[in-house]
Amino acid sequence: MDALKKGLYKAKDGVVAAAEKTKAGVGEAASKTKDGVFSIGNKTMEGVVSGVNTVAQKSNEQVDVVADTAVAGANEVAQAAVEGVENAAVASGFVSADALPKAAAAGGEPTDRAAQ
């Protein structure tokens, strides 16, 4: 019976030692896993921030392009409207064609015909 008790005590000591080592191993593994998750989270966050900044920059560039296009389009519409009003005024006899400014050949700037 003593031999059986000694064997059980040794087995118990072995199980306790294994459990302690397992607990320490699991704790170390959990710590490393936590560090890895934080590292991945930081890299992911950096990637998300970089992606958001890239999208914001591209959006700003697109807004600039749209704004420039809108301004150019508005200028063309305004010029066409002015020319249309001038043509209507001349056609109705309200003003003479000589009284209207003419566009310069090179720059497109209006010049006063009377000043020439």
Side-chain angles (χ1 to χ4, degrees):
M1 184 82 162
D2 286 336
L4 184 59
K5 282 186 180 181
K6 279 185 181 181
L8 290 175
Y9 284 126
K10 283 185 180 182
K12 179 184 166 193
D13 290 342
V15 169
V16 169
E20 288 175 0
K21 286 185 178 184
T22 301
K23 180 180 174 184
V26 168
E28 184 180 348
S31 176
K32 287 183 179 181
T33 302
K34 181 179 104 175
D35 292 343
V37 168
F38 282 146
S39 176
I40 290 170
N42 288 336
K43 294 294 182 188
T44 302
M45 184 176 67
E46 289 169 10
V48 168
V49 168
S50 175
V52 167
N53 288 339
T54 300
V55 169
Q57 181 62 33
K58 294 293 183 187
S59 296
N60 285 339
E61 290 171 3
Q62 292 301 317
V63 166
D64 289 344
V65 168
V66 169
D68 290 345
T69 303
V71 168
N75 287 341
E76 289 178 16
V77 169
Q79 182 61 36
V82 168
E83 290 172 359
V85 169
E86 289 174 349
N87 291 339
V90 169
S92 67
F94 189 68
V95 294
S96 71
D98 293 335
L100 296 176
K102 300 295 179 192
E109 294 291 323
T111 59
D112 193 335
R113 188 176 189 128
Q116 292 180 1

> Which residue pairs pass the side chain to side chain donor-acceptor pair (under 3.5 Å) test when at least one of the two sits in residues 68-90, sequence neighbours left out?
Replying inline: Gln79-Glu83
> Which ILVMFWY residues are connected to Phe38, directly or by a chain of links, through side-chain heavy atoms under 4.5 Å apart?
Replying inline: none
> For Thr44, what residues pass the side chain to side chain contact (heavy atoms under 4.5 Å, CB included) criterion, not counting sequence neighbours?
Replying inline: Ile40, Val48
>> Taking side chain to side chain donor-acceptor pair (under 3.5 Å) as the definition, give me every residue that meets it alongside Gln62, ordered by chain and number, with sequence neighbours left out.
In response: none
> Does Thr54 use its side chain to pair, donor to acceptor, with the backbone of Ser50 at less than 3.5 Å?
Replying inline: yes
>> For Lys34, give me all partners under salt bridge (charged side-chain N to carboxylate O under 4.0 Å, His left out), at least two apart in sequence or on another chain.
In response: none
> For the residue pair Ser92 and Ala89, what are the closest heavy atoms and their distance?
Replying inline: OG-O, 3.1 Å
